[in-house]
2 protein chains.
Amino acid sequence: MSNKEIQEQRMKGYFIQATKEILKGEGLKSISVRNISERAGYSYATLYNYFKDVKDLIFECVVDFQDECETFIKSETKKYEPGLIKIKAITKAYIKYFIQYPGIYELFYIEKTTDLAHKQPTVKLIHNFLNKLCEEEWQYCLNNKILNSAEASVMKETLHYAVIGALIIYINRRQPATYKEFSIIVESQLNYILNLA
Amino acid sequence: MSNKEIQEQRMKGYFIQATKEILKGEGLKSISVRNISERAGYSYATLYNYFKDVKDLIFECVVDFQDECETFIKSETKKYEPGLIKIKAITKAYIKYFIQYPGIYELFYIEKTTDLAHKQPTVKLIHNFLNKLCEEEWQYCLNNKILNSAEASVMKETLHYAVIGALIIYINRRQPATYKEFSIIVESQLNYILNLA
DNA sequence: TAAGTATATTAACACTGTTAAAAATATAAT
DNA sequence: ATTATATTTTTAACAGTGTTAATATACTTA
């Protein structure tokens, strides 16, 4: 990597860092070009020397957050036995991560894809994120004849949709009112969907 | 109702009508005070004589759309037998309505409640919309011992979350790519959640 | 040091919601 | 009917948004 590339990457990093901080803190609605640039220590127009537009910048953050989320989930769930138990644990860790950073959830699932349509592969990446995280475990269930293909398929999709819905209603609508209530509902739903205890 | 009130209500109606047209057509992102007012045939500032702010106006539309949606669902499902079969039919009609008007779905579930927090009862109304539409049928299942209380509860919540999630991913993310594929997934999920065929 | 290039900043444009002052209209009283 | 008073509508303005073009600064090389 040439000096020029190193420096350019460093500059991009300053803006990405600033954006990530705002998203984790105040959330998506506090994101603005001037706001990001001020935190990065540059003028607002400088941003456009390193990113096509602000959506481009935000999208780079998505990739970072996904890595971060994946790392978090791995460390939270490594002690669980493989299969449905682990799928449940992964899902709970997934929910936990986004509850901790609602701004990141907004970014992942609420922000219209239309606005980011030029990055189709990344969009697919986001959409399949939970499924990807559980992929190994679903495969385990199939290999060990715990589930057949049709069962696994419907469980996987139902789990996926229910988790997205649960998070949007809790994060975006504050329903139910407390995290405790929310946890109880989630727990019983996971058991129901995954046919556990 | 006094003349003054009639006239005021009429004026509000013009703005509400204009807003509803835009929401059904171009969607939430095309909503702007100037855009609405132009369509209503008035200057942008006139809007503020009849609504506290644009969120107030939008919220009046929510109530209208809910009535419209409920009427649509009632007419689509009246021929179905009561119980789980009817719950499935109601849910499918619910999905059908929002697929037809994605802009209204945005408004219902994606628009942050925070921005409309001053109308808490209405927010609860929206959140419980699907559950309210099915309430009678859930009661039927309990009365006829088709389900016990715990079963009904978890089914109801899972159904609710899964439907919200399914719609957000299909409408906001265009995943899966076709309505046909989407319908198949929805069908199998409804059967799984409601423990049907 | 001077010229040329790359980068950063300011100024400007078109948009957003909202408010205060100005203009137009309708109502009331003489 | 004409004047005076309310009421309602519009225009102008403000503070914000993303983005671009022109200007100013810093750096590199001759």
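Protein chains get the first letters and strands the later ones, always in sequence-line order, with residue 1 at the start of each.
Using a 30° and 60° split on the angle between ring planes, A:Phe182 and A:Tyr179 fall in the tilted class, from 30° to 60°.
As a whole-Å value, the separation of A:Phe15 CZ from C:dT7 C1' is 11 Å. Atom NZ in B:Lys55 sits about 12 Å away from atom C1' in C:dT16, given to the nearest Å. In this structure, B:Lys12 places its NZ atom 16 Å from C1' of D:dT8, rounding to the nearest Å. Remark: C1' of D:dA6 and CD of B:Gln7 are 14 Å apart, rounded to the nearest angstrom. Atom CG of A:Asn35 and atom P of D:dA15 are 18 Å apart (whole Å). Taking atom CD on A:Glu5 and atom P on C:dT7, their separation rounds to 12 Å, with Å as the unit. Atom CD1 in B:Ile6 sits roughly 15 Å away from atom P in D:dT8 (whole-Å rounding). With rounding to whole Å, A:Asp56 atom CG is found 12 Å from D:dT20 atom P.
Salt bridge absent: B:Glu8 and B:Lys12 never bring a charged side-chain N and a carboxylate O closer than 4.0 Å.
Partners of B:Thr178 according to the side chain to side chain donor-acceptor pair (under 3.5 Å) rule, which considers only residues two or more places apart in sequence or in another chain, are B:Glu181.
A donor-acceptor contact under 3.5 Å is not formed by the side chain of A:Arg34 with the base of D:dG16.
In the region residues 42-50 of chain B, proximity to DNA chain D at under 4.0 angstrom, judged on heavy atoms, holds for B:Tyr42, B:Ser43, B:Tyr44, B:Ala45, B:Thr46, B:Asn49, B:Tyr50.
The 12-atom threshold is exceeded at CZ of A:Phe72, counting heavy atoms of other residues, nucleotides or ligands nearer than 6.0 Å.
Put simply, the side chain of B:Leu84 does not reach to within 4.5 Å of the side chain of B:Asn195, judged on heavy atoms.
Applying the ring-ring contact (aromatic ring centres under 6.0 Å, His included) test between A:Tyr105 and each of A:Phe129, A:Phe98, A:Tyr94 identifies A:Phe98 as the sole match.
Nearest-nucleotide positions on DNA chain C for B:Ser30 and A:Gly41 put A:Gly41 closer to the 5' end.
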